[in-house]
Structure formats: C-alpha cells, structure tokens
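Within every chain, numbering begins at 1; the chains are lettered A, B, ... in the order of the sequence lines, protein sequences first and strands thereafter.
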Amino acid sequence: MHNVLWLRLRQPTPTVDLPLAPGTLPDRFRGLPMLAPDRCPDGCRACVDCCPTGAITAPPLSLDLGRCVFCMECVRACPAEAIRFTGDHRMATRTRDDLVRGGGGIALAGALDGRMRRLFGRSLRLRAVCAGSCNGCDAELSALGNVVFDLGRFGIQFVASPRHADGIVVTGPVTRNMEAALLATYEAVPAPKIVVAVGACALSGGPFRESEEQRGGAAAALPVDLFVPGCPPHPLTILDGLLRLLGRIEDGSRPPAAGG
Amino acid sequence: MDAGAPLEFLNGQSVGEDAIPLLPRQRFHDAVLRECGAESRLAALVARPLRSGALRVHALLARDLPGLLAILAMDLPPGDRSYPALTPELPEAQGFERELAEQHGVDPVGHPWLKPVRAFQDHHGASAYPFFEVGGSGIHEVAVGPVHAGVIEPGHFRFQCDGERVLHLEIQLGYQHRGAEALLVRGDRLQRVVTAESIAGDSVVAHALAHCETVEALAGVEVPLRGQALRALALELERVANHLGDLGALAGDIGYLAGAAWFGRLRGDALGMSLDLTGSRYGRGFCRPGGVTLDLDAERARGLADRVARLVRELREVSDLFFGSNPVLARLEGAGTLTFEAAAGLGLVGPAARASGCDRDARRDHPAGYYRFALIPTVRLDSGDVYARAMVRRLEAQRSLAFLAETLTHLPPGELRAPVPALAPGALAVALVEGWRGETLHLLATGPAGEVALGKVVDPSFHDWPGLAMAMRGEEISNFPLCNKSFNLSYAGHDL
C-alpha cells in the first residue's frame, strides 16, 4: 500500500495541454507536408516516380495526403526541396478532395452542422471497426485513451456496442472479408450517426490499394464525415480532427504556404 | 550424408534454387519427419507454381542448436497435387498444409481437417466455416467476433463450453487478409518494403528488417555496421514498447488500474524514443534495403541514453509493484497454462514459447546483422501460465533496455546504408528476425531474370494462435480476455 502511494506521488502529470505548446512534438515528427511547386525543375518527376503509394502527381506538383504514408522518400528524391514535412500535426479534413494538396494551405475539417453538433458536441460515443488495418491505426486509437492524450476529458469515448455509439471509426482498407461485418456494425448504430476514417488504408487503400482483396478504403462502403491522414496518424492528429468535427476547435484553416 | 539431405545455409544467406535437393513426395515427407524428429523444427512450407504447371513445395527447417537453416523441396505435377500429409506426425505443420490446400489446391493426404486459413467462400464470414462442435447435454456454444468489444482487430472465437468451463476454443481468422504476399511480388523495391512495414503495425521494424535482409542476401550486400547497429536499436525499442504495452493491458484486464496507467505511460515513452530515432512512433520509413534512412548524432544518442536510463528505473519501480502484489499474482498464476509439450509440439515461437519452457530465440540461435556481435540474454520460464508470459515480457524489456544503454554509448562509426545492386537470378533467401512477438520469417525468391518471383511471410502469430486455443482448454471462459492479452497475437500478421 505504501509503495503504491509512494510511486503515485512520483508519477508526473503527463496529460498533454491543448492547444499544443510549441516543442511538444520532437523534431523528427512528420506532420503536414508543404509543397512549393514553383521550385520544381522542368520535367522533373523524381518524387512521382519514387512514391510507393502513387500519392504524388506532377506537373503541377500535387500530393494526396489520403495516400501518403509519410515515408519521406520524395523529400530525399527531390533535387529542389519542393516538398518538406512540417511539424504541424493538424491534417484532418471533411472531404477526400481537401486532402489533395498543391502549393496552398489545407482546408482543415469544419464542424458538423448545427443539429449534429448540438447532439454530439459535448458527448460522442464511438465504435471502432478495424477493417483490415495492420493494427497501427488501432494502436493510436487505443493510445488516445491513455493518460497522456486522455480522450475522455473531451467527452469522447470508445464503446463496446454499436448500439451505444453515435458513430464508427474505420481503420484499414476494408478487406473483402470484413466488408459485411463493417456494414452490419454501421447498420447497428442508431441514426443520426457519423463515420470517421483513420489512416492511409481507410482513406485510399494505402499500401494495399492495388490488392484485389480490399475495397480501397472506407468511403467505398460508407459515407465518411472525417478523413484523418497518416500512417498511422499521431494520436494528436486524430484528436484534433475529432475536436474540429465537434466544433471544439475553430482556429480555422491554415493560411497559404507563405513561410508555413 | 545421403543424396536427399537438405541443403544447409545460414539465416540471411541466399542459395541457388538449383542447389536445393528435390525429392520424390514420399521421400520428402520422410525426410521432413526425420529432420523434425531430430534437431530441426518446421519454420515454413512454401509453394510456388512452376512454368511447367507443376507446384514446387519447399520445406524450410530451423536447426536452432547448430544455428543453421536447411531446405529441401518436392514437385507436385499438375494432375495430382497430393502427397502424404506431415501433420498427423508433425502438428506444427497443420497451418502450413491448410495454407497449401487453400492457395494451391494441394491435397495433403491424411491431414485431419483442411479448414480455411484466410479464404471466405462467400465473404460473409462465420456461416460457411466448419467449426468443430462438442455434443452432449449441457454443452453450449459461445460465439464472439469478428467485431469485438474494444479497439481490437477482427477475428471470430467459438467456444464449446460445459457451464463456465471451456472444452474447446476454435479461432477463425482471415478477416484482415489484404493480399500482402502478392504485393511483395508485384511492387517495386520501395513498395515491397512499405508493404512489409504494413504487415503487422506493431512489428514494423521486425517485418521491414526481415524483408530487407532477404533483399540484401539476394543482392550480395553487406550493410554497414553502423546501419546494422541502428536497426538493432529500433528493433529492441519496438520490443520494449510492445512488452510494456502488454504489461499495461494485462494490468487493465485484471482491474489493476495504477499498473495499466503507468505501464501505458512507459510504453508511450518507448514509442517517443522510437520517434526520436526513426522519425515514427512505430519505426516506419527507417529500415530500407542496404541500411537505414536516418543517422543518430552524438547529442541525440546521449538524449536517448538518458531516457533509457530513466525508463530502466521506472520499469523497475512499476514492475516491482505489479509483480509484488498478491492480488495480481493470484490472478496471473495458474491462468491459461500451456504445457511445454503443447508449445513445442505446435511449434510456438517468441515469448509465448519461452514462457512454456521452449528455449528458442532467433537473436541467439540464428544471429544476423548486429546480433552477430551483441548477445542479449534470452529468458525462459517453465510454468506456461499468464504469469510466465507476463514475467518473460518484463525481463526481456529489461534486457533490451540494457542492450540499448550499452549500444547507444558505443555506436560503431561509418555509413548508414550501402547501395543495393540487382538481385541474383534463380536464387532464394531467408531471413529470421526475432521480433517482440517471436520469429518473423521472410522468404524471397527470384526468377531467371532476377525478378522477384515469390514472397513468403510467416508472422510469429501464425505459429502461435493454436497455442492460445490450447491454453484455454479447461479454463474458465471469463479468463479468456486475460489469456488472449497474455499472448497478444497479431491478426493482421496471420492474415497477411
């Protein structure tokens, strides 16, 4: 008993403050990529040719965050520093198209409409469905519940039954073998309900997008309300997306790339 | 040595396909059984269709004591893909032979039950799957999954129970099947390693490293020593993070919430260190054929060494509390016992095997890369229960941290990465990497032009899932979550 108390007193207060204090994420963290298409040398396709998930097209230079696995090969291949990954963890959007980036800023996720926001804004129950993910995104969803990220303090909680949920979180490319179970789980959630797609696989099929065993992401099967890119997304990226969806963060989209 | 003796080679080496002894079916069967009756175990059965229409089946054997791999093959002609099954005498072959039947229409004659491994005929799951049923009055069935309570991968568990007691548990997997092995053949060099990183998201480094070692063996590349050391750091950090996460999950499952919170935080610290080393909490984008992508300068290494030292101390404090608590021990001891005979017979690997007295660890038995120069003591316990699987994790994490502390202060100088030329044609390479979950096997074979013709992956979970089913026999059904966490096997790694 004494040992527990002694150790309890020695524990730090680990819960992360929001908004995030500068320097919380280490320098090697790979956040939102920024593009400078005007730097591309004529006819250069170095990044396009090396990208393992076909996320990059050029010209004009464009990067699909929904496919990106943040492997940095494009940065290493680029002769002109036209692509760099910033330390900004905020990347979630409301539409798939908003993830396709050119040289400008990103339209970060806006809030649900008034009625949905009133219903879910201060209490959101989610059922997680892994539909063929490698368990990386699921590990980060689980991490949201730990003492550092502490999802519960925002009134958001993962629940066991879809009947108790306000929506589902989908990870994985939606394998053929999981499609029926995914749809059944979605059907079991009472309306109104939301769908959150987390990670490159759930957004586009990710590294598996050319396999016949999967559907190319959650949007092929369900109406997706929030797209969270990453491989896997950092827990703070997921948390930021959820809070924006609920209208709990409203500092708007990033301005165009200038210096960002 | 008779003409049918298997070809011996080392982990991380490649062999010419022509050098692999090709045996008639009956002699192949006899040779595999003879080898596995002596000092070998079956690491994989691998099949590849030949242009002639025949199917070539390789048996890959691991000889742990002399530290050798051995391989032999048979050809099955197009009209008659049958051969005498290994499973009746060699239970560890059961999954591999079901895989041969499912993927290539092979008929292992005498196999007790060729159930599906990953394929769903109608893609609607459990209905089409032939479960074993226990009859009799008072017997009832409990079906769970594929969607479980909690944030967890999908799988279906079917319990045959007498009251609260589990007579039999059957585990139906395949929901996560994404076609990873096919992509290992189809993609370009970078796509293949990204696919390997996505086989099991908590074993990114283990799978990426195993894949890279097969490529390097086929290309005849020696990775610079510094690159090898950095890979070993990433792999041991992966082990520490997952073992601590598992201890936290076990603590949570038995309601010891202080342990769950504190182990959970320490796991996060290990993931943060991985981010600092590799640029990713899970080690993604770090191991590439030829070496690694990021260096570790002296200042960063010192910073990591300080964090390792703190983690060593905190792990000791929290573990002493957890394993010193009588209520904790009362829940862990004697739960979900897996006997040595069952673990050895089913061919288990990793901490689950070592907790049941099977002393096997690829880092020591088949050292490759930096493990040729650094020995991390392995841990073996004998009780085979949840306690043993928890304690193995604690001790392994501790020893990996000691290795990290030592290596971070003595990093060899040199390059990170060597250029990788074209792959040798008509060759086959195997890499065994001891990931945190156990032996992670990748096999890559090339065709006549040096193109990748076959990619085979054996995640440790493929060996270990039947171990969980056996551990549940005679156990209270309410103990299933605890037993399941103590194994913590990968669904995605199994399903590929």
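- Ring centroids of F29(A) and F85(A) are separated by 6.0 Å or more, keeping the two rings apart.
- A salt bridge between E314(B) and R265(B) is present, with a side-chain N of the basic residue lying under 4.0 Å from a carboxylate O of the acidic one.
- A182(B) does not touch chain A: none of its heavy atoms, backbone or side chain, sits under 4.5 Å away.
- For F263(B), no part sits under 4.5 Å from any heavy atom of chain A, backbone or side chain.
- Taking the six-membered ring for Trp and the full ring otherwise, H148(B) and F157(B) have centroids separated by under 6.0 Å.
- Formation of a donor-acceptor pair under 3.5 Å by the D459(B) side chain with backbone atoms of G493(B) is not found in this model.
- When atom types are taken as modelled, the side chain of R176(A) and the backbone of Q214(A) share no donor-acceptor pair closer than 3.5 angstrom.
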Legend entry - Test log, rule side chain to side chain contact (heavy atoms under 4.5 Å, CB included), inputs F462(B) and V457(B): CA-CA 10 Å; F462(B) 190 82; V457(B) 177; over 6 Å; no
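- For chain A, no part of R192(B) is nearby; none of its heavy atoms comes within less than 4.5 Å.
- When heavy atoms are compared at a cutoff of 4.5 Å, F158(A) approaches chain B solely by way of its side chain, counted from C-beta outward.
- Only the backbone of T278(B) comes within less than 4.5 Å of a heavy atom of chain A; no side-chain atom from C-beta onward does.
- With a 4.5 Å cut-off on non-hydrogen atoms, A184(A) does not touch chain B at all.
- Interface residue R267(B): only side-chain heavy atoms are found under 4.5 Å from chain A.
- Residues Y282(B) and E140(A) have side chains that bring a donor and an acceptor to within less than 3.5 angstrom of each other.
- Both the backbone and the side chain of V318(B) come within less than 4.5 Å of a heavy atom of chain A.
- Comparing H234(A), M72(A), R10(A), R8(A) by heavy-atom pairs within less than 4.5 Å of chain B, the highest count is held by R10(A).
- With a 4.5 angstrom heavy-atom cutoff, I199(B) touches chain A only via backbone atoms.
- Contacts between A260(B) and chain A at a heavy-atom distance below 4.5 Å are absent for every atom of the residue.
- There is no contact between C201(A) and chain B, counting heavy-atom distances below 4.5 Å.
- Contact of R76(A) with chain B is made through the side chain alone, with heavy-atom distances under 4.5 Å.
- The parts of R178(B) that come within reach of chain A are both its backbone and its side chain, each placing non-hydrogen atoms under 4.5 angstrom from that chain.
- With a threshold of 4.5 angstrom between heavy atoms, P162(A) does not approach chain B through any atom at all.
- Side-chain contact check for N488(B) and D246(B): at least one donor-acceptor pair (N or O, by modelled atom type) lies under 3.5 Å.
- A donor-acceptor pair shorter than 3.5 Å can be found between the side chains of S198(B) and R284(B).
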